[in-house]
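What follows is a short report on a single structure.
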There are 2 protein chains.
Amino acid sequence: MNVRRATIKDVAEAAGVGVATVSRVLSGGSASPETRERVLAVATQLDYRPSALGRNLRQQRAGGIGLLLPDITDSFYGRLADGVLSCARAAGEPVVLGTTGDDPEREADQIGMLLEQGVERVVAVPTGDAEVWAPTLRAGLTTVFAHRSAPGHGGVPTVLADDRGGVRTAVDYLTGLGHRHIAYLGGPGQEQRVSAFLEALGALADPDLVVSARGSRDSAYAAAAGLFQRRPDLTAVLAGGNLLGEVAVLAARELDLRVPKDLSLVMFDDVPWAELCAPPLTVIAQPAEDIGYRAAELVLRAGGRRPRGVLLPTELIVRGSCGPRRAP
Amino acid sequence: MNVRRATIKDVAEAAGVGVATVSRVLSGGSASPETRERVLAVATQLDYRPSALGRNLRQQRAGGIGLLLPDITDSFYGRLADGVLSCARAAGEPVVLGTTGDDPEREADQIGMLLEQGVERVVAVPTGDAEVWAPTLRAGLTTVFAHRSAPGHGGVPTVLADDRGGVRTAVDYLTGLGHRHIAYLGGPGQEQRVSAFLEALGALADPDLVVSARGSRDSAYAAAAGLFQRRPDLTAVLAGGNLLGEVAVLAARELDLRVPKDLSLVMFDDVPWAELCAPPLTVIAQPAEDIGYRAAELVLRAGGRRPRGVLLPTELIVRGSCGPRRAP
DNA sequence: GTGAAAGCGCTAACAG
DNA sequence: CTGTTAGCGCTTTCAC
């Protein structure tokens, strides 16, 4: 049953050459056309596949890309992962996936595991700050951050959607509709957006209207419901992700707030169901897949000089969840 | 910058013992309490992490779990992956993720890659049939299928939701509502469900009402729209997945079919947005995460005798997308 | 209970 | 252009 795979030695013997020659031929080194052909033929015939195990040990690194995500069940991260996977597949590199649940400790564990595996390239949506990433970077990991930057790590190349621009567009849209009391319902790691939100609001800014939930659905729902109850003067809300958007419409329904009549809603991240929702949700689309693809590209191009970062555009897609401010 | 990690040799020297002793201590072998303590102390102090590279080569296998999925952006597979990840994390095993796009050729490529990496355990939602999996299994891969079984491979342990039961329940529900012309809108690898569907319908069965889409959204939409136009006598649809359900409501809207007045809809797979949809979708919930977790469990318990398969229950969740048959 | 040594498959340095 | 050889870090006999 369990057939031993052919090794480089088998190929060398069968081809009547040394192992080094086989290695050279297979990695595109110099060899006489004649030898090359013979080796290739034998390799094919023996169905030889070079063992990554031997190579990895020899080169002291495993190749492949480590991918660290807060939550793979979140559609946004699913699409981001898909982008990383396409790039990796094009490059023939395996992807090792780990989830952090937005928990820095768990993130550190996962990094440790990748290190142990010899993985040297990581694409991460970081959760921890400098504290947790510093040792990692010092250990020689090639790292690219995606979607979020880690506080205090300007040095790591980062691929981001233009969150600030997106927030500004959404806020302008909402204030243009007459809204004056606008809330931001956010999740972990959205400091950038919050600051952009406050900034865009200017004189209208009200820190009490900025709410941050933990990653879980329950916590998000509680945050939304709490906000809506606490501030009946609220007429518009910007939800910082599809999970937050979802609980926002749920909480609004529960409290008999009509969207968009009583409450206007803009959600970060365009998801297929936004169109199916009642009412269809106005969203800020983010190029999740591109983010992943670009990040993977960057991490694979480790040798050359890499740009410090990439900023991808967002887009406001107007559907039916926003209306003029309700009469007071 | 790039600091060399401590090796077993470093630890051995620092502790004044042989490398074999270090290895034994760290893998729970026998050693005098005294030696053990000293080795452990030195290891901690040196921040020693055994290199998986060395171990893998020595043991001729990489450990870890390979996970092969049709599409990681599909919420169902996202949740399945999450189940696999939790189990793997509990076991301290890395997970290598690959997507197949429901393409047998791509699936074969991914398998080849895993083999090359020395991965010996695979959890897969199979796309190819016996043809593509036979060599894999012969190569000694411990494989568990999840969510689907590969045609012609009774030998591989498989973790499934009770699709047949789910279909039967849905069909009974729909016929109980008076529906007589019920369609099944399916995707790749749903032969089981189709046969259960036809069977449950009995005399009502109409093969022309069974439509199968490729994996893509476009193809799914075309299939749904085509079906609705071709068969105006249709009053109910069972959609075989959340993507299919989504395009079904989109196509229905486009053709001015009211759900549930003109068309009743049951969708396989409960997703958070089913409740947000207008109308809220009646679904057959599948324990996606459990499927993944159980599959990972099985593949990790390679040594012992493994059950031939696991069947997990589905559940009909009635919401608002089904009504009595409209008057003819 | 412990150490010395072999060797997993591969690549790279060196000699021819 | 090609073969020989050392050695990556680890586990595992095999002696002691």
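Naming: A, B, ... by sequence-line order, numbering from 1 per chain. Predicted, not measured: the structure shown is a model, and the values here were computed from it.
To the nearest angstrom, P of D:dT5 lies 13 Å from NZ of A:Lys9. In this structure, the CG atom of B:Asp10 is 13 Å from the C1' atom of D:dC10, given to the nearest Å. One can place CZ of B:Arg24 at 15 Å from P of D:dC10, the figure rounded to the nearest angstrom. We find that CZ of A:Arg36 is positioned 9 Å from P of D:dC1, with the value rounded to whole Å. Protein atom CD1 of A:Ile8 is 14 Å distant from nucleotide atom C1' of D:dT4, rounded to whole Å. The distance from atom CD of A:Glu34 to atom C1' of D:dT2 is 13 Å, rounded to the nearest whole Å.
Of all the residues in residues 40-51 of chain B, not one reaches under 4.0 Å from DNA chain C with any non-hydrogen atom.
Nearer to the 5' terminus of DNA chain C, by closest-nucleotide assignment, is the contact made by B:Thr35 (compared with the other of B:Gly54 and B:Thr35). Comparing B:Val19 and B:Gln59, the nucleotide of DNA chain C nearest to each residue sits closer to the 5' end for B:Val19.
Listed by chain and residue number, B:Thr35 satisfy the side chain to side chain donor-acceptor pair (under 3.5 Å) test with B:Ser32 (two or more places apart in sequence, or in another chain). When the side chain to side chain donor-acceptor pair (under 3.5 Å) test is applied to B:Ser23, no partner is found at least two apart in sequence or on another chain.
Taking every nucleotide of DNA chain C with any atom under 4.0 Å from a non-hydrogen atom of chain B, the first and last of them, 5' to 3', are C:dG1 to C:dG9.
Residue A:Leu53 is classed as having no contact, given no heavy-atom separation below 4.0 Å to the nucleic acid. Counting any heavy atom pair closer than 4.0 Å across all strands shown, A:Gly16 reaches sugar-phosphate atoms only and no base atom. Contacts of B:Ala31 with the nucleic acid, taken as non-hydrogen atoms under 4.0 Å apart, involve only primed sugar atoms and P, OP1 or OP2. When heavy atoms are screened at a 4.0 angstrom cut-off, B:Ser23 is found touching base atoms of the nucleic acid.
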I'd like a table of donor-acceptor pairs (distance under 3.5 Å, sequence neighbours excluded) in which one partner is a side-chain atom from residues 41-53 of chain A, with atom names and distances.
unit_1, atom_1, unit_2, atom_2, d
A:Thr44, OG1, A:Leu40, O, 2.7
A:Arg49, NH2, B:Gly112, O, 3.0
A:Arg49, NH2, B:Glu116, OE1, 3.2
A:Ser51, OG, A:Leu53, N, 3.0
A:Ser51, OG, A:Gly54, N, 3.3

Can you give the donor-acceptor pairs under 3.5 Å from side chains of residues 95-102 of chain A to other protein atoms, not counting sequence neighbours?
unit_1, atom_1, unit_2, atom_2, d
A:Thr99, OG1, A:Arg106, NH2, 2.9
A:Thr100, OG1, A:Asp102, N, 3.2
A:Asp102, OD1, A:Thr127, OG1, 3.1
A:Asp102, OD1, A:Arg148, NH2, 2.4

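In this model, the phosphate group of D:dG3 is approached by a side-chain N or O of A:Thr21 to a distance below 4.0 Å at OP1 or OP2. Distances shorter than 4.0 Å separate some side-chain N or O of A:Ser32 from OP1 or OP2 on D:dT2.
Inter-residue side-chain proximity for B:Val39 and B:Val17 is flagged as met; some heavy-atom pair is nearer than 4.5 Å. With a 4.5 Å cut-off on side-chain heavy atoms, A:Val299 and A:Val122 do not count as touching.
Taking CE from A:Met113 and CD1 from A:Ile111, the interatomic distance works out to 11.5 Å, rounded to the nearest 0.5 Å.
At least one donor-acceptor pair under 3.5 Å links the side chain of A:Arg38 to the backbone N or O of A:Ala15. In this structure, the side chain of B:Glu107 engages the main chain of B:Gly128 through a donor-acceptor pair within 3.5 Å.
Here D:dG7 is the nucleotide among D:dT4, D:dG7, D:dG3 with the atom lying nearest to any side-chain atom of A:Arg58.
Taking the six-membered ring where the residue is Trp, A:His147 and A:Tyr77 present perpendicular rings, their angle passing 60° and hence far from 30°.
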